[in-house]
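Below you'll find the structure, written out as structure tokens, and then a few comments.
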Amino acid sequence: MGALWMVAMVFVLLNIGLCNGGKTSPYVRKLYASDDLPKDTFPSPPGFNAPEQVHITQGDYDGRGVIISWVTPVMKHPDVVSYWAAGAEGKHKHKHTVHSVITTYKYYNYNSGYIHHATIKGLEYDTKYFYEIGQGNSARQFHFTTPPKIGPDVPYTFGVIGDLGQTFDSYETLKHYMANPKAQAMLFVGDLSYADDHPNHDNERWDEWGRFVEKSTAYQPWIWAAGNHELDFAPEIEENVPFKPYLHRYHTPYQESQSTSPLWYSIRRASAHIIVLSSYSAFAIYTPQYTWLEKELSKVNRAETPWLIVLLHSPWYNSNSYHYMEGEAMRVTFEPWFVQHKVDLVFAGHVHSYERSVSCSNLHLVDLC
């Protein structure tokens with residue numbers, strides 16, 4: 001059985017008839033690129049040192065943990081998250097607290113604010129929680145709902161976005177996604193802020209992007225995969241550490257799945273086992289990503305999680321000439337395992353054109369057209 005591929009791009013919802021997957025929208029992409037939003041479109045929230053760029057992701061392997069991340073622009077403190085279950089708003093409102101791990105980074109002539117990551121574990125399944133960060137007039141309150149307990153018959157609705165950026169079309173895409181009340185978590189397949197498209201990889205664009213998506217990311221988990229625009233590798237300005245801004249800003253629960261890197265990891269959520277791969281990290285035989293994936297695939301328990309989903313950035317199959325076959329080396333390396341373990345869905349980004357296929361692989365062509 002081959003894997004079902006979907007290239008999920010935010011800018012384009014044009015159906016390509018390669019495999020006649022059906023038409024799901026009347027949308028046709030524009031012939032011209034969308035302009036970037038002005039840098040002051042999403043200002044910092046009011047109040048001194050107010051927390052901003054708030055986002056959450058799953059914080060453990062099985063969905064009872066959350067990583068809450070935010071930035072304070074001026075001071076490290078406060079560094080505490082207060083949280084409570086819905087219905088416990090009385091005198092026990094602030095019973096549960098957790099401190100953040102704080103990091104900063106410098107990129108060329110940019111100095112980041114204080115980036116906080118706080119991990120909460122041991123939450124109850126299928127429960128709404130409120131959380132509060134900041135203090136006084138700068139305090140901000142949000143909420144999230146944990147997933148149902150892992151099980152084979154547990155329905156759950158994921159959104160899929162890739163290559164979002166921060167253009168006028170990006171704004172419309174996020175607005176469209178948020179208008180769907182069924183969405184419970186986002187599978188994000190790489191290319192976040194596109195800061196590297198600006199002079200000297202303008203890292204203020206990372207801050208802008210964090211404020212732009214906060215209206216969604218603060219309330220439901222976004223499961224992150226890294227794309228080429230997260231590399232930020234720029235030796236011409238003496239920036240030689242790949243993924244520096246991304247890895248400081250966006251944490252993942254990689255250690256929970258025994259991964260050695262936050263760029264590849266896995267989680268289980270509701271009835272899905274989700275594997276995240278890094279298209280721009282080493283993956284040849286004996287590399288850490290190769291070794292980890294081999295072990296992780298053997299852990300999949302279809303009796304508990306019948307859906308096996310893989311996220312990566314560079315697609316192994318697409319009918320466009322743009323970025324054509326850029327994922328071929330990874331496909332040759334990993335596709336036999338995908339076939340062996342019967343991967344159900346593969347979501348990729350990179351090519352700004354939506355298309356999907358039926359189950360197929362280079363090893364076994366199954367109803368390709």
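Model, not experiment: these values are computed from the prediction. Worth knowing before you read on, the calculation uses all heavy atoms, side chains too, and leaves out hydrogens, waters and symmetry mates.
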For Tyr324, I'd like to know if atom OH has over 12 heavy atoms of other residues, nucleotides or ligands within 6.0 Å.
no

Checking Gln255 against Tyr265 for the side-chain contact (heavy atoms from CB on, under 4.5 Å) test, could you report, in this order, the C-alpha distance in whole Å, the side-chain angles of both residues, the deciding distance, and whether it holds?
CA-CA 8 Å; Gln255 293 174 319; Tyr265 62 98; over 6 Å; no

Output all residues satisfying salt bridge (Lys or Arg N to Asp or Glu O under 4.0 Å) with Asp232, sequence neighbours left out; order by chain, then residue number.
none

According to the interplanar angle, ranging from 0 to 90°, do the rings of Phe130 and Trp84 count as parallel (below 30°), tilted (30 to 60°) or perpendicular (above 60°)?
parallel

Is the backbone of Thr157 close enough, under 3.5 Å, to the side chain of Gln184 for a donor and an acceptor to pair up by distance?
yes

Taking salt bridge (Lys or Arg N to Asp or Glu O under 4.0 Å) as the definition, give me every residue that meets it alongside Glu304, ordered by chain and number, with sequence neighbours left out.
Arg268

When you group the ILVMFWY residues by side-chain heavy-atom contacts below 4.5 Å and let the links chain together, are Phe233 and Trp206 in the same group?
no

Please confirm whether the ring centroid of Phe42 lies under 6.0 Å from the ring centroid of Phe212.
yes

Rounded to the nearest 0.5 Å, what separates atom CG in Leu293 from atom NE2 in His341?
8.0 Å

What residues, two or more places apart in sequence or in another chain, satisfy ring-ring contact (aromatic ring centres under 6.0 Å, His included) together with His99?
none

Mind checking whether Thr146 and Arg64 have side chains closer than 4.5 Å, heavy atoms only?
no

Which heavy atom of Ser34 sits nearest to which heavy atom of Asp169, and what is that distance?
OG-N, 3.0 Å

Count the heavy atoms belonging to other residues, nucleotides or ligands that lie under 6.0 Å from NZ of Lys299, then report whether that count exceeds 12.
yes

Scan side-chain atoms only and decide if Tyr129 and His143 contain a donor-acceptor pair under the 3.5 Å cut-off.
no

Salt bridge or not for Arg140 and Glu214, using N-O below 4.0 Å?
yes

Looking only at side-chain N and O atoms, does His117 offer a donor or acceptor that is under 3.5 Å from a partner on Ser100?
no

For Arg205, salt bridge (Lys or Arg N to Asp or Glu O under 4.0 Å) partners two or more places apart
none

What are the two closest non-hydrogen atoms of Pro336 and Val332, and how far apart are they?
CD-O, 3.7 Å

Please confirm whether the backbone N or O of Glu204 pairs with a side-chain atom of Asp202, one donor and one acceptor, at under 3.5 Å?
yes

List the residues meeting side chain to side chain contact (heavy atoms under 4.5 Å, CB included) with Ala183, not counting sequence neighbours, and say none if there are none.
Tyr177, Gln220

Non-hydrogen side-chain atoms of Thr173 and Ile161 separated by less than 4.5 Å
yes

Taking only distance into account, with no hydrogens and no angle test, what donor-acceptor pairs under 3.5 Å do side-chain atoms of residues 272-283 form with protein atoms, sequence neighbours excluded?
from   : atom 1 : to     : atom 2 : distance (Å)
His273 : NE2    : Glu296 : OE2    : 2.8
Ser278 : OG     : Ser281 : N      : 3.4
Ser278 : OG     : Ser281 : OG     : 2.7
Ser279 : OG     : His313 : N      : 3.3
Ser279 : OG     : Ser314 : N      : 3.1

Look at the side chain of Thr291 and the backbone N and O of Pro288, then say whether any donor-acceptor pair between them is shorter than 3.5 Å.
no

If only side-chain N and O atoms count, and only distance matters, is there a donor-acceptor pair under 3.5 Å linking Ser170 with Thr167?
yes

Verify the distance criterion only: is there a donor paired with an acceptor across the side chains of Gln53 and Asp207 at less than 3.5 Å?
yes

Contact summary for Val339 and Ser361, nearest pair of heavy atoms
CG2-OG, 3.6 Å

Should we say atom NZ of Lys295 is surrounded by more than 12 heavy atoms from elsewhere, each under 6.0 Å from it?
no

Decide, yes or no, whether a salt bridge links Lys175 with Glu172 under the criterion of side-chain N to carboxylate O below 4.0 Å.
yes

Take atom CG of Asn240 as the centre, draw a 6.0 Å sphere, and report whether it contains more than 12 heavy atoms from other residues, nucleotides or ligands.
yes

Test side chain to side chain contact (heavy atoms under 4.5 Å, CB included), reference Leu164, set Trp209, Tyr171, Tyr194, output is Trp209

Using modelled atom types and a 3.5 Å cut-off, is there a donor and acceptor pairing between side-chain atoms of Thr103 and backbone atoms of His248?
no

Just jot down the salt bridge (Lys or Arg N to Asp or Glu O under 4.0 Å) partners of Lys76, sequence neighbours excluded, or say none.
none

Mind checking whether Leu308 and Val154 sit in one hydrophobic cluster, side chains of I, L, V, M, F, W, Y counted as touching below 4.5 Å?
no

Answer yes if Tyr290 and Val346 sit in the same cluster of Ile, Leu, Val, Met, Phe, Trp and Tyr residues linked by side chain heavy atoms under 4.5 Å apart, and no otherwise.
yes

Verify whether one side chain among His352 and Asp163 offers a donor that lies under 3.5 Å from an acceptor in the other.
yes

Can Lys121 and Glu256 be said to form a salt bridge (Lys or Arg N to Asp or Glu O under 4.0 Å), step by step?
CA-CA 12 Å; Lys121 294 186 178 181; Glu256 298 291 324; 2.6 Å; yes

Looking at Pro242 and Leu247, what are the two nearest heavy atoms and their distance?
O-CD1, 4.4 Å

Under the side-chain hydrogen bond (donor to acceptor under 3.5 Å, both in side chains) rule, collect the residues that match up with Glu326, sequence neighbours excluded.
His323, His350

Is the number of heavy atoms from other residues, nucleotides or ligands within 6.0 Å of CH2 (Trp307) greater than 12?
no

What heavy-atom pair brings Ser266 and Ser257 nearest, and what distance separates the two atoms?
N-OG, 3.2 Å

Checking Tyr254, Trp264, Trp292 against Ser259 for side chain to side chain donor-acceptor pair (under 3.5 Å), the one that qualifies is Trp264

Taken in chain and number order and not counting sequence neighbours, the residues that satisfy side chain to side chain contact (heavy atoms under 4.5 Å, CB included) with Thr72 are Asn49, Trp70, Tyr114, His116

Does either side chain, that of Gln166 or that of Ser193, offer a donor lying less than 3.5 Å from an acceptor on the other one?
no

Short side-chain donor-acceptor distance under 3.5 Å, Arg269 and Tyr156
yes

Is the side chain of Asp126 donor-acceptor paired with the backbone N or O of Pro147 at a distance under 3.5 Å, no angle test?
no

Report the residues that fulfil side chain to side chain contact (heavy atoms under 4.5 Å, CB included) with Pro43, sequence neighbours left out, ordered by chain and then residue number.
none

Can you name the ring-ring contact (aromatic ring centres under 6.0 Å, His included) partners of Trp222, sequence neighbours left out?
Phe188, Trp224

Looking at Ile67, is its backbone amide N or carbonyl O close enough to the side chain of Thr119 to form a donor-acceptor pair, meaning the two atoms are under 3.5 Å apart?
no

If hydrophobic clusters are built from ILVMFWY residues whose side chains come within less than 4.5 Å, do Tyr131 and Ile102 share one?
no

Shared ILVMFWY cluster between Phe347 and Phe158, side chains joined below 4.5 angstrom?
yes

Any donor and acceptor pair, going by atom type alone, linking the side chain of Arg331 with main-chain N or O of Glu335 inside 3.5 Å?
no

Would you mind reporting whether Tyr250 and Ser69 have side-chain heavy atoms less than 4.5 Å apart?
no

Please list, chain by chain and in numerical order, all residues satisfying side chain to side chain contact (heavy atoms under 4.5 Å, CB included) with Tyr108, sequence neighbours excluded.
Asn200, Ile237, Glu239

Before accepting this row, confirm whether a basic side-chain N of the pair Glu124/Lys149 lies closer than 4.0 Å to the acidic partner's carboxylate O.
no

